[in-house]
> 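Have a look at this one before I ask anything.
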Amino acid sequence: MASTLPILILAIPFAMFLILGIGGVKMSRKLAGTLGILANGTLAVLAYIVAFTYFFSGNPEFIVDGVRQQVQVFDVTWLAFTERMVVNIGFLLDPICAMMLIVITTISFMVHLYSWGYMEHEPGFQRYYAFLSLFTFSMLGLVVATNIFQMYIFWELVGVSSFLLIGFFYKLPSAVSASKKAFIVTRFADLFMLIGILVLSYCVSHTPEEGPLGTASAFNFLMLNAHPTNVLASTLGATFMGGSVLTWAMVLIFVGGMGKSAMLPLHIWLPDAMEGPTPVSALIHAATMVVAGVYLVARFFPLFCVVPDSLTFIAIVGAITAFYAAVVACAQIDIKRILAFSTISQIAFMMVSLGCAFDQPIEGVHYSGLGYMAGMFHLFTHAMFKALLFLGAGALIHAVHSNNYTAMGGLHKYMPITHITFLIGCLAIAGICPFSGFFSKDEMLAAMFARHWFFGAWMTMVAGLTAFYMFRMYFLVFWWEENPDYKKHDHKPHDAPWQMSLPLIVLALISCVAGFIPFGEFVTFNGEPYHIHIEPQVAAVSLTVAVLSIALAFVMYFKKNALPSKFKNAMPALWQAAHRRFYWDEIYLFITRNIIFDIICKSIAWFDRHIIDGAMDSMASVTQWASVRIKGMQSGTVQAYVIWYFLGAVVLAAITWLCIL
Amino acid sequence: MDLTMLWYLVPSIIMFCAGVFGFVTRKNMIALLLSLELMLNSADLNFVVFNRFLFPGQFEGMVFTLFAIAIAAAETAIAIAIIINIYREIGNTDINSVKKMKF
C-alpha cells in the first residue's frame with residue numbers, strides 16, 4: 001500500500017489541531033466548525049478506504065491463504081539516540097488497527113457534527129474543535145503505532161487531550177478538578193506502564209540466541225508478535241516475587257491500561273470526567289481513551305499469551321470491575337454517571353473476554369481465540385451504541401438543562417427521535433436480539449463459559465444488571481411521570497436540531513445492523529477467519545436474564561409507584577454505599593490526605609525546612625558574621641593594602657622557604 | 001672579576017624595595033606612580049637577567065620584557081589620566097584624600 005493515505009490520516013487531524021488551535025481566535029464559529037467537520041469527514045472517508053482496502057482487496061500484501069497479515073505501511077527512524085537506541089515511527093495495518101480506524105473516525109465525525117449543534121452557544125467553540133482534532137489524532141496515532149515507544153507517546157497524548165477536553169469549561173472549579181483528577185490518575189497508572197516497558201526492554205534487548213537487538217527492531221510489534229517466546233527465553237528464567245520477569249512486565253503494562261480503561265481501583269477519574277461537554281464524554285467513552293486499554297491488551301496479546309498468569313489477572317480485574325460498576329450504576333441519579341459506570345462495566349466485559357482468550361488450542365475448547373474476537377467485536381458494537389447513548393443523553397440535557405433524571409420523566413412525548421434512538425441504544429447494550437450488543441455479548445459469554453463456568457455465570461449476572469440499570473434509566477427518563485417543571489418553562493423540551501439528531505439516527509441504524517457483520521471473518525487473534533455461530537444455550541440464558549431484568553425495571557420504573565423507594569428504604573446502607581460508589585473516592589482522599597500528605601509529605605517537608613534549609617542558612621549566617629567582622633580591613637587606604645599585600649607575600653615566601661629547607 | 005647573576009639581581013632587589021618603600025611612604029600620587037614603575041622595572045630586569053644567564057641563546061625573556069614595557073607605558077598613561085581627573089575634582093593629588101572606595 002502506498003503511504004500517502006496513511007500519512008494523510010495522521011496529518012489531517014494534526015493539521016486541523018494546529019489551524020484551529022492557532023488561527024481559531026481569528027475565525028468565526030461557522031468557519032471553524034465547518035473546517036473541523038469537513039476535515040473529519042475527509043478523514044473518515046480516507047480511513048474507510050484504507051480499512052476496506054485492507055479487508056476486501058484480497059491483495060497478497062494483506063491476505064495470504066486466507067490469513068490476514070500484519071503490514072507495516074511505513075516505519076521510519078524518528079529519533080536515533082545511539083546506534084542501538086532508536087525510536088521509530090510508522091503505520092501498522094492489521095485487523096484490529098483497521099477496525100479501530102473505522103470506529104475512531106466514525107465516532108469522531110459524529111461527535112464533530114453533533115457538537116456543531118450542542119456547543120453552538122459556548123464560548124471557546126473554536127478551541128473545542130481544535131482539541132477534538134488533537135484527540136482524534138492521538139488516538140489514531142496510538143492504534144497505528146508500529147512499536148511500543150510510538151504507542152507510549154500517543155498514549156500520553158491521549159491523556160493530555162482528554163485532560164484538555166474534560167477541563168474545557170475551565171471556569172468551573174469542578175471541571176478543573178475533574179480534569180486534573182483524570183490526568184493524575186491515568187498518569188499515575190502510566191508510570192507503572194513505563195516501568196513495565198523498561199523491564200520489557202531489559203529483557204528484549206538481550207535475546208540470548210540472536211545477541212543484542214536494537215530497540216528499533218526489538219520493540220517492533222511485528223517482531224514481538226512473531227517471536228513472543230524469545231522474549232520469555234531472554235529473561236533467562238529470572239523471577240521476582242514468585243512471577244517471571246515477563247509476567248511482571250506484562251502486568252505492569254496492563255496497569256497502564258487499567259488506568260486508561262478505568263479498571264478498579266483506578267476507575268475514579270472516569271465518573272468525574274462527566275464534567276466535560278457531553279459529546280466529549282461520548283468520544284472518550286466510545287472510541288478513544290477508555291478503549292485504549294482494551295486495545296493495548298489486544299495489541300500485546302501474543303506476549304500476554306506467553307505468560308498466561310497475566311491473562312488470568314486481566315480476567316479477574318475485569319470481572320470484579322464489571323460487577324462493581326454495574327452495581328454502582330443502579331444507584332446513580334445523574335444520567336451521565338449511569339452511562340459512565342456502564343462504560344466501565346462494558347470495558348471490563350471486554351477485558352474479561354480478552355483474558356479468557358488464548359492463542360494455543362485448549363483441550364475441550366473448540367476455539368480458544370474466541371474471547372479475543374468477541375472482545376474486539378464488543379469494542380466495535382459498544383463504541384457505536386455507547387456513543388449513541390451519550391449523544392442521546394446530551395440531547396436530553398440540552399432539552400431540560402439538568403443531568404439528573406429527577407428533572408426528566410415522561411419525555412417520550414416531547415422528544416420522539418431521541419426516545420427511539422435511545423431505546424435502540426438501551427436494547428443494544430442490554431443484549432436484546434437483534435441489536436448489535438446481543439451478538440457481541442453472546443460471543444463474549446460463550447468464550448467465558450468455554451474457559452471457566454464461573455466467569456460465564458458471573459458475567460451473565462453482570463449482563464443482567466446492565467439490562468436492569470439501563471432500562472431503569474430509560475424508564476425514569478422517558479416514562480415514569482411527566483415532570484411538572486416542563487410547564488413552567490417558556491418552551492417545552494423538544495428534539496434537538498438536525499446536526500444533533502442526524503448522528504443519533506446514524507448511530508442507531510449502525511447499532512441495529514452491526515451485529516450482523518461477520519466480524520470473525522475480519523478480526524481474529526491470528527488473522528485466520530472464524531465463522532461466528534450463535535451458541536444456543538448461552539444465547540438463551542443471556543437473553544432470558546436480560547428480558548427478566550428489563551421486566552423488573554419495567555415493573556419498578558415504568559409508572560410512578562412506591563416500589564423503588566421501598567427498595568431503597570429496605571436497604572438504606574447498601575443504597576447509600578452504591579450511590580456513593582462504595583466510598584472509593586473517600587478512600588483515595590483518606591489515603592492521599594491522611595497518609596501521604598499528613599504523614600509522608602509533612603515529615604519530608606519538616607526535613608527540608610529544618611535540616612536542608614537549616615544547613616544552608618547556618619552556612620550563610622556564619623559567612624555574614626565573618627564578613628561583618630573583617631570588613632574594616634577595606635579602609636580605602638591604598639597604601640595600607642600594599643603593606644598587607646607585601647607582608648602576606650613575605651610570610652608566604654617565608655613559609656615556602658621553610659618548607660623547602 | 002666575573003659579573004655573576006648576583007651583580008644584576010642585587011640592584012634589582014634594591015630597586016624593588018625602594019619601590020615598595022616609596023609606595024607606602026609617599027603621599028603624592030605621582031610619586032606613587034613612580035614607585036610603581038620602579039617595581040615594574042626591577043621585575044623586567046629580572047626577566048632579562050634570568051634569560052641571559054639561565055637560557056643563553058634564547059629570547060623569550062627579552063621579548064617578554066619588551067611587551068611588559070609597552071604595557072607599562074599604556075598603564076602609566078591610564079594612571080596619569082586618572083590622577084589628572086582626581087586633581088581636577090579635588091584640587092590636589094594627595095593619596096589620603098581619596099579614601100571613598102571602602103565598605
Side-chain angles (χ1 to χ4, degrees), chain A residues 80-83 596-661, chain B residues 5-6 9-10 12-47 50 54 72 75-76 78-87 89-103:
Chain A
F81 294 107
T82 64
E83 214 166 286
I596 297 181
F597 289 169
D598 277 7
I599 297 176
I600 301 175
C601 296
K602 272 195 180 161
S603 52
I604 292 173
W606 184 89
F607 183 81
D608 180 53
R609 209 163 293 141
H610 291 92
I611 310 289
I612 306 226
D613 283 7
M616 292 299 151
D617 284 352
S618 53
M619 270 165 71
S621 52
V622 166
T623 312
Q624 198 184 14
W625 173 83
S627 63
V628 167
R629 281 309 174 87
I630 60 172
K631 74 178 178 182
M633 288 169 72
Q634 191 189 11
S635 58
T637 328
V638 183
Q639 286 166 325
Y641 299 167
V642 172
I643 292 167
W644 281 112
Y645 183 84
F646 184 71
L647 287 179
V650 169
V651 169
L652 279 180
I655 291 170
T656 318
W657 183 258
L658 285 174
C659 288
I660 290 170
L661 280 181
Chain B
M5 211 158 71
L6 213 59
L9 289 182
V10 170
S12 168
I13 289 170
I14 293 168
M15 265 167 81
F16 188 81
C17 290
V20 172
F21 181 76
F23 198 91
V24 296
T25 52
R26 305 308 293 261
K27 298 296 169 204
N28 192 323
M29 282 185 222
I30 303 290
L32 255 61
L33 189 59
L34 289 176
S35 312
L36 205 66
E37 285 301 313
L38 218 51
M39 286 188 267
L40 209 58
N41 284 344
S42 88
D44 286 350
L45 191 59
N46 276 11
F47 269 124
F50 284 126
L54 298 184
E75 190 193 304
T76 309
I78 293 170
I80 288 178
I82 292 172
I83 292 168
I84 289 171
N85 270 310
I86 289 172
Y87 180 76
E89 198 68 29
I90 62 175
N92 64 41
T93 55
D94 190 345
I95 190 71
N96 286 325
S97 56
V98 281
K99 279 190 178 176
K100 283 197 178 152
M101 281 178 67
K102 57 180 179 180
F103 56 91

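As the structure is a computational prediction, the values presented were derived from the model and not from experiment. Lettering of chains follows the sequences in order, A, B, ..., and the numbering in each one begins at 1.
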> Using heavy-atom distances under 4.5 Å, tell me whether A:Tyr645 contacts chain B through its side chain, its backbone, both, or neither.
neither

> Please output the residues of residues 25-35 of chain B in contact with chain A, using a heavy-atom cutoff of under 4.5 Å, in numerical order.
B:Thr25, B:Arg26, B:Lys27, B:Leu32

> Considering heavy atoms only, which positions within residues 14-21 of chain B lie below 4.5 Å of chain A?
B:Phe16, B:Val20

